[in-house]
Amino acid sequence: MRNRIVFLLVSYVSIIFFWGSSFPAIRFALHSYTPESLALFRLLIASSFLVIIAIVLRIGLPNMRDVPMLVLLGCLGFSAYHLFLNKGETTVGGGIASLLVSTTPIFSLVLERLYLKRKMGVSKWLGSFISFLGIAFFSLSYHSQSYSINGTVFILLASFSESLYFVFQTRYLKQYGMFAFITYTIWGGTIGMLWFFPRLLTEIEVASFSSTLAVMYLGVFSSVLPYLALAYINLKVGASEATTSLYLIPIVAVILSGIWLDEKITLLSVGGGIITFLGLFLIHGKQQMSRAKDNINF
């Protein structure tokens, strides 16, 4: 029992720290790499690492008829997500970027309503509106409005592409299991970025060692290990409990961005963050409290 608690605690800390640190790491790596090359380099490292894990865990290959859809989902959840996020972080700080990405569940809710015909209550619609109001505060917190708006749009596009990945993954997630599915889609996302391989080779030659080290960190510690930790938590305590830790990621990103990159967070940014999280709480808080009550009753 004690070992289980320790493993769960380590898993939670790994998710929060590694994903939280990814946002300032991206910002740092962009000093030497273009957004396209950074996305491909990160995915190549992650894919290579996953090949080793797949061999050790004896993860088989997917059904051939599912490959086109797995590649498409990988392009949405990893290629497009990383590319747009990288482009956004050329003008938006790592801390703010992490807060913007936390709005992905809002897009997922809207897509589920449109395509899966799932109902959205008043609290979810109100929460979505409040969260987007918080995003407006982020944009106003920058000195250069055109700069911040462009970056914000790119990061919101990243969130939208990731939400498409989440909404349409259900069938394949059930079929292959969480870790195998993520492995297949990361491989698919890597295939979708190979167009930029010649550019990457050119940039590696002139990139600083510290920037390349940051990409290697992103490829292994921020792209693979958190998913292993999430899969473990999901297996032991369930999906709803596993995702609650994700709310702490922006806090870690803001702190690390301030320490590592000396990014200043304005009062307006803090206000935007509070407003955004208030909206997210309205979206998920009631549902999670209901699940917690069911668990207690059980």
Side-chain angles (χ1 to χ4, degrees), residues 17-47 75 77-104 135 138-139 141-162 186 189-190 192-224 226 249-250 252-266 269:
F17 181 79
F18 289 139
W19 272 340
S21 63
S22 68
F23 294 94
I26 289 170
R27 183 94 166 152
F28 184 82
L30 286 169
H31 291 158
S32 295
Y33 292 95
T34 59
E36 296 82 2
S37 295
L38 173 56
L40 173 57
F41 198 3
R42 177 178 180 175
L43 288 173
L44 281 172
I45 294 170
S47 292
C75 288
F78 294 98
S79 300
Y81 170 76
H82 288 307
L83 180 58
F84 288 135
L85 178 59
N86 294 347
K87 282 183 174 292
E89 285 207 48
T90 59
T91 59
V92 173
I96 301 300
S98 67
L99 289 166
L100 291 170
V101 167
S102 69
T103 60
T104 297
I135 293 171
F138 295 144
S139 297
S141 67
Y142 283 85
H143 297 296
S144 174
Q145 296 306 311
S146 62
Y147 229 42
S148 64
I149 290 172
N150 287 340
T152 298
V153 169
F154 275 124
I155 296 173
L156 290 178
L157 284 172
S159 294
F160 180 71
S161 64
E162 188 178 41
I186 286 181
T190 305
M193 294 295 295
L194 289 177
W195 175 264
F196 301 107
F197 190 70
R199 180 190 297 185
L200 172 60
L201 292 178
T202 302
E203 292 181 17
I204 288 177
E205 294 178 357
V206 297
S208 68
F209 176 74
S210 56
S211 291
T212 300
L213 200 62
V215 183
M216 294 177 69
Y217 172 85
L218 286 167
V220 176
F221 292 96
S222 295
S223 299
V224 176
I249 290 173
V252 174
V254 169
I255 293 172
L256 291 179
S257 293
I259 296 172
W260 187 359
L261 305 175
D262 196 29
E263 290 183 358
K264 300 296 188 294
I265 302 298
T266 65
S269 297

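One-based numbering along the sequence shown. Computed from heavy atoms alone, side chains included, the values below leave out hydrogens, waters and symmetry copies.
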Between the CZ atom in Phe41 and the OG1 atom in Thr212, the distance rounded to the nearest 0.5 Å is 5.5 Å
Mind checking whether Phe78 and His82 have parallel, tilted or perpendicular rings, split at 30° and 60°?
-> tilted
Nearest heavy-atom approach of Cys75 to Gly192 is SG-CA, 3.8 Å
Review point. Is Val252 close to Trp19 at the side-chain level, that is, under 4.5 Å between some pair of heavy atoms?
Key: no
Could you check if a side-chain atom of Ile45 sits within less than 4.5 angstrom of a side-chain atom of Ser223, using non-hydrogen atoms only? no
- Message: Quick check against the 3.5 Å criterion: does Ser47 have a side-chain atom that pairs as donor or acceptor with the backbone of Leu44?
- Response: no
- Query: Between Phe18 and Tyr217, how do the two ring planes meet: parallel, tilted or perpendicular, split at 30° and 60°?
  - Reply: perpendicular
The reported gap from CG in Leu38 to CG in Asn86 (rounded to nearest 0.5 angstrom) is 4.0 Å
Run the side-chain contact (heavy atoms from CB on, under 4.5 Å) test on Ser210 and Phe28 for me, step by step, so that the C-alpha distance in whole Å, both residues' side-chain angles and the decisive distance to 0.1 Å come before the verdict.
CA-CA 9 Å; Ser210 56; Phe28 184 82; 3.6 Å; yes
Do Ser257 and Arg27 come close enough that some side-chain heavy atom pair is under 4.5 Å?
-> no
Rounding to 0.5 Å, atoms CZ (Arg199) and OG1 (Thr34) come to a distance of 4.5 Å
To the nearest 0.5 Å, atom OG of Ser159 lies from atom CG of Leu100 at 7.0 Å
When rounded to the nearest 0.5 Å, the distance separating OH of Tyr33 from CD of Glu203 is 8.0 Å
Do any N or O atoms from the side chain of Ser211 and from the backbone of His31 form a donor-acceptor pair under 3.5 angstrom? no
On a heavy-atom basis, the closest approach of Gly88 and Ile155 is CA-CG1, 3.7 Å
Exercise. Passes side-chain contact (heavy atoms from CB on, under 4.5 Å), Phe23 versus Leu256? Steps please.
Worked result: CA-CA 9 Å; Phe23 294 94; Leu256 291 179; over 6 Å; no
Minimal heavy-atom distance between Gly219 and Val224, with the atoms involved, is O-CG2, 3.6 Å
Rounding to 0.5 Å, atoms NZ (Lys87) and CD1 (Ile26) come to a distance of 14.0 Å
